Each structure stands twice: as structure tokens, then as C-alpha cells.
Undergrad: 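Once you've had a glance at the structure underneath, I'll fire off some questions.
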Amino acid sequence: MAVERTLSIIKPDATRRNLTGKINQRFEDAGLRIVAQKRLHLTTAQAQAFYAVHKERPFYNDLVSFMTSGPVVAQVLEGENAVEKNREVMGATDPAKADKGTIRADFAENIEANSAHGSDSSENAAQEIRFFFSDIEIVG
Ligand code: IDP
Ligand code: MG
């Protein structure tokens with residue numbers, strides 16, 4: 001499996017509880033390298049655009065409100081099989097169903113405020129990385 005990159009977002013519920021360092025430790029312990037990182041407060045338009053794929057889902061408006069409720073930390077993670085590896089480290093969307101020892105099992109507040117976002121395919125990863133970062137900001 002080749003080295004690849006994925007887009008991660010530490011969500012507002014986690015930044016509010018000062019969990020950025022603890023979550024980053026999980027990535028690094030799993031062999032993922034943080035090759036770009038920035039803290040930002042998304043506008044409504046930005047959150048709507050980022051989650052456009054979910055715009056028909058019943059939770060879309062709530063999700064946009066949540067993602068704009070405080071700062072997030074957007075990051076690019078690099079490593080072997082990074083997309084899948086990051087999904088494993090995060091755990092299932094619903095923390096009640098997430099495996100023990102995953103970020104969401106240990107830190108998420110609920111299915112919406114679930115502490116972390118991770119791209120779900122390498123195609124989406126490339127697009128999501130481009131949404132937040134220019135090439136010059138990614139240092140492998
Ligand atoms: P993922 O983040 O595990 O890839 P998605 O299905 O892509 O999960 O959903 C995107 C985000 O939307 C989730 O991380 C979560 O914050 C929110 N979400 C997903 N399903 C629900 C739900 O049933 N109720 C409320 N929020 C949800
Ligand atoms: Mg998803």
C-alpha cells in the first residue's frame with residue numbers, strides 16, 4: 001500500500017474541550033504524520049460547501065450550525081494507507097458504535113459532535129485537501 005494523504009478536521013466539540021493535542025497524539029501513534037495544519041473558524045458558506053454531499057440529509061442544517069459553532073483544526077495526514085488508517089483511528093460515526101480506543105469512542109459527545117472528520121476515499125481526500133490547503137502549505 002502506497003503512502004497517501006487524507007484530510008482530517010478536529011471538530012468544534014473537541015477544540016472547545018482543548019483536545020487537539022490528545023487527538024493529534026492518536027494520529028502520530030498510528031504512524032500518521034501531520035504534514036499541514038491550521039486552526040480556523042468556518043463560515044456558514046464554507047461549512048455548507050464542505051458538506052454539500054450531505055445537503056439532502058435531514059441533519060445537514062444542524063451539522064452546518066455545529067461545524068460553525070467554534071474553531072476547527074484542519075489538517076493533512078500522510079502515511080501508508082492514510083485514508084483507511086485515519087478512519088480506523090477515528091472509529092464509527094456514532095460513538096456508541098465506535099470500537100474501544102478510537103477517537104470517537106473516547107472523545108465524541110454524540111453522533112453529530114463526534115470530534116473528528118476524515119475523508120472516506122482517496123478521491124474525496126484529494127478534493128477535501130484542496131478545499132483547505134494550497135500545495136505550498138503541505139510539507140511532507
Ligand atoms: P463520517 O464523518 O463518519 O464520514 P458521514 O455519514 O459522512 O460520517 O456524516 C458526516 C457528519 O455528519 C458526521 O461525522 C456527523 O458529524 C454528522 N452526522 C452523520 N450522521 C448523523 C446523524 O444521524 N445525526 C446527526 N449528525 C450526523
Ligand atoms: Mg463522511
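Values below: every heavy atom of this structure, side chains too, minus hydrogens, waters and symmetry copies. It should be emphasised that the depicted structure is a prediction, and the values quoted were computed from it without experimental measurement. For ligands, and for the atoms within them, numbers begin at 1 and follow the listed sequence.
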Undergrad: Does M67 come within less than 4.0 angstrom of ligand 1, counting non-hydrogen atoms of the residue?
TA: no
Undergrad: Hey, quick one: are V139 and V73 part of the same hydrophobic cluster, counting side-chain heavy atoms closer than 4.5 Å, chains of contacts allowed?
TA: no
Undergrad: Could you tell me whether E78 and R5 make a salt bridge, using a distance below 4.0 angstrom between a side-chain N and a carboxylate O?
TA: yes
Undergrad: Among all protein heavy atoms in this structure, tell me which lies nearest to atom 2 (O) of ligand 1, with the distance rounded to 0.1 Å.
TA: R104 NH2, 3.0 Å
Undergrad: Inspect the contact between E109 and R16 and indicate whether a charged nitrogen and a carboxylate oxygen are less than 4.0 angstrom apart.
TA: yes
Undergrad: May I ask you to list the atoms of ligand 1 that are less than 4.0 angstrom from any heavy atom of K11?
TA: 13 (C), 14 (O), 15 (C), 16 (O)
Undergrad: Would you say E112 has any N or O atom under 3.5 Å from an N or O of ligand 1, going by distance alone?
TA: yes
Undergrad: Students should be able to answer this: which protein heavy-atom is nearest to atom 8 (O) of ligand 1, and at what distance?
TA: T93 OG1, 3.3 Å
Undergrad: Is the shortest distance from a heavy atom of R87 to ligand 1 less than 4.0 Å?
TA: yes
Undergrad: Side-chain heavy atoms under 4.5 angstrom apart, residues restricted to Ile, Leu, Val, Met, Phe, Trp, Tyr: same cluster for F133 and L42?
TA: yes
Undergrad: For atom 15 (C) of ligand 1, which of I111, N110, V53, D94 has the closest heavy atom?
TA: I111
Undergrad: Consider only side-chain heavy atoms of I, L, V, M, F, W and Y, link residues closer than 4.5 Å, and tell whether F107 and M90 are in one cluster.
TA: no
Undergrad: Taking distance alone, with N or O pairs closer than 3.5 Å, would you say H54 contacts ligand 1?
TA: yes
Undergrad: Cation over ring, K38 on F132, under 6.0 Å and within 45°?
TA: no
Undergrad: Under 4.0 Å from a heavy atom of L63: which atoms of ligand 1 are those, numbered in the order shown and with their elements?
TA: 11 (C), 12 (O), 16 (O), 17 (C)
Undergrad: Of the protein's non-hydrogen atoms, which lies at the shortest distance from atom 20 (N) of ligand 1, and what is that distance?
TA: F59 CE2, 3.4 Å
Undergrad: Going by an N to O cut-off under 4.0 Å, is there a salt bridge joining R26 and D106?
TA: yes
Undergrad: Using a strict cut-off of 4.0 Å, indicate which atoms of ligand 1 neighbour a heavy atom of N114.
TA: 13 (C), 14 (O), 15 (C), 16 (O)
Undergrad: Check whether any side-chain N or O of E137 sits under 3.5 Å from a backbone N or O of S134 as a donor-acceptor pair, and report yes or no.
TA: yes
